[in-house]
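Chain letters run A, B, ... following the sequence lines, proteins first, then strands; residues in each count from 1. As the structure is a computational prediction, the values presented were derived from the model and not from experiment.
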Number of protein chains: 2
Amino acid sequence: MPTPMPVQQSTSAHTTSPRRRRADAERNRARVLNAARELFAERGAHVSMDEVARRAEVGVGTLYRHFPTKEAMVEAASQQRFGEILTYYRTICRDSTEPLEALKLLLTRIAEVEARDRGFASVVVEGTLGSEGPRSPLRADLEAELVSLVDKGQAAGVIRQDITGADILSLTCGLNSIVHRRSGDWRRYINIVLDGLRSSRER
Amino acid sequence: MPTPMPVQQSTSAHTTSPRRRRADAERNRARVLNAARELFAERGAHVSMDEVARRAEVGVGTLYRHFPTKEAMVEAASQQRFGEILTYYRTICRDSTEPLEALKLLLTRIAEVEARDRGFASVVVEGTLGSEGPRSPLRADLEAELVSLVDKGQAAGVIRQDITGADILSLTCGLNSIVHRRSGDWRRYINIVLDGLRSSRER
DNA sequence: AGTGAAACGGAGAGAGGTTCCGCATGCCAA
DNA sequence: TTGGCATGCGGAACCTCTCTCCGTTTCACT
């Protein structure tokens, strides 16, 4: 390991960074992230690093100075999507809405974003399928919201007891599959899932 | 295209082949399939072709003479699993059992096999997620059984009308996710899915 | 045994991710 | 303003993995 002080926070937005970055580095990081977001959204996470570098008009080396691996870059590129979904959820439906209705709105939003952004879709699936690795901050936030939503629903007696918040993320795998195989049908799928989640006395 | 007569049926068991294969070729094909099945089951589909060739004690070239791509080989290796599941289903529960109960047995069996065979699990997910490409024969058979099972359940009024057999395969994506993240919890997941599938008058 | 077709092995082409290092550039102090 | 230098940059090179190609070997049939 030649570098004595590796960049730890390269994938996060970091409010208080230990050492300020140079202006050109900051600019390049933004260019890379934009290029990545565009390409991954349009064509999925299989787009090559060379291509991202070309669209960002930087060398591949620059990509790896800002993100340790391609996977981290894909993850970072979809952070904004998690952010959008969280913002929507927190402003629209967290407090005012009945839990099952809120869950429906949230799942619908996730499906809509997955339909628009193939890179995000694969991050959701991989992150749920792949067992190890640290969760990105906003993804963790979203999972936390789901957990508390499920808790609330269970306390109110409208969601069955034998389920956890983490289950919901697993259910989005199937959602993702439907979004990309038969666009449009996913509203039906959400209804099926919600009917399954209801507590028996609500049925 | 140099080869005038490419091997069409390389992934199937072919009962009536147009031209007989040499004995050594037949033997090597079996060795390769065995090696592939073992390695993919143990460690997943990311195992390299070199490694499969090494375990089968053949050269990589031989792998590609029997299977056009790695993907085809993974698919072929999991055909046996689809076969096992189909046999189980046809002998145990297709005719004699009530549709929802049969569906439960079938989903349970799929989960059990996925838990044992990581390669099979990824074939189920990829095949469901990936939109294009021809389905392998036994996979298609399994999907057909699911379709007729759903039809039967709908005719009997125990399965909701707004669902198709293909939806079930999508639901197995989430199943797969749970099988590999929290082994054991998938029985709970199956109950949730089944409750969602029930027609409303049954609840 | 002899012959031709079928099958084999494995080097290497090609593609994609990742690293490395000499050069360029922004930043700060004098 | 300029000189010093840490920081950042580009892209050739490297590694690994899939897949192809072709000289050699093996089988099957006479």
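- Every residue was checked against the side chain to side chain donor-acceptor pair (under 3.5 Å) condition with A/Asp50, not counting sequence neighbours, and none meets it.
- For B/Thr62, whose side chain is taken as the heavy atoms from C-beta onward, the closest listed nucleotide among C/dG9, D/dG8, C/dG16 is C/dG9.
- Between the C1' atom of D/dC21 and the CZ atom of B/Arg65 lies a distance of 11 Å, rounded to the nearest Å.
- Rounding to whole angstrom units, CD of residue A/Glu51 and C1' of C/dG17 are separated by 14 Å.
- Dashed line: the shortest gap from a side-chain N or O of B/Asn28 to OP1 or OP2 of C/dA7 is not under 4.0 Å.
- A/Arg54 pairs by the salt bridge (charged side-chain N to carboxylate O under 4.0 Å, His left out) definition with nothing, not counting sequence neighbours.
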Can you pull every protein N or O that's under 3.5 Å from an N or O on nucleotides 28-30 of chain D?
residue : atom : partner : partner atom : Å
D/dA28  : OP1  : B/Ala23 : N            : 3.1

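- Counting to the nearest Å, the C1' atom of D/dC19 and the CD atom of B/Glu71 are 14 Å from each other.
- The nearest whole Å value for the distance from the CD atom in B/Glu26 to the C1' atom in C/dA6 is 13 Å.
- As a whole-Å value, the separation of A/Arg27 CZ from D/dG8 P is 13 Å.
- Ion pairing between a basic and an acidic side chain is recognised when a charged N comes within 4.0 Å of a carboxylate O; B/Arg139 and B/Glu75 show no such pairing.
- The CZ-P distance, from B/Arg31 to C/dA7, rounds to 17 Å in whole Å.
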Any N/O pairs under 3.5 Å between the protein and nucleotides 11-15 of chain C? List them or say none.
none

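- Residue B/Tyr64 places at least one side-chain N or O closer than 4.0 Å to OP1 or OP2 of D/dC19.
- Contacts of B/Arg55 classified as side chain to side chain donor-acceptor pair (under 3.5 Å), with partners at least two apart in sequence or in another chain: B/Glu38.
- In terms of phosphate contacts, A/His66 brings no side-chain nitrogen or oxygen within less than 4.0 Å of OP1 or OP2 of D/dG8.
- Phosphate proximity of C/dG16 to A/His46: absent, as no side-chain N or O sits under 4.0 Å from OP1 or OP2.
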Please walk me through it: do A/Arg90 and A/Glu145 pass salt bridge (Lys or Arg N to Asp or Glu O under 4.0 Å)?
-> CA-CA 9 Å; A/Arg90 285 173 175 154; A/Glu145 291 288 3; 2.9 Å; yes
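- Evaluation of the salt bridge (charged side-chain N to carboxylate O under 4.0 Å, His left out) rule for B/Asp162 yields B/Arg160 as partners, not counting sequence neighbours.
- For the side-chain hydrogen bond (donor to acceptor under 3.5 Å, both in side chains) condition, the pairs that include at least one residue of residues 100-113 of chain B, sequence neighbours left out, are B/Lys104-B/Asn191.
- Looking at residues two or more places apart in sequence or on another chain, you find a side chain to side chain donor-acceptor pair (under 3.5 Å) between B/Arg22 and B/Asp24.
- Rounded to whole Å, atom C1' of D/dG11 lies 13 Å from atom CZ of A/Arg54.
- Regarding A/Phe67, its CZ atom lies at a distance of 16 Å from the C1' atom of D/dC9, rounded to whole Å.
- Ranking D/dT18, C/dT18, C/dA7 by closeness to the B/Met49 side chain, first place goes to D/dT18.
- In this view, A/Glu51 and A/Arg43 satisfy the side chain to side chain donor-acceptor pair (under 3.5 Å) rule, not counting sequence neighbours.
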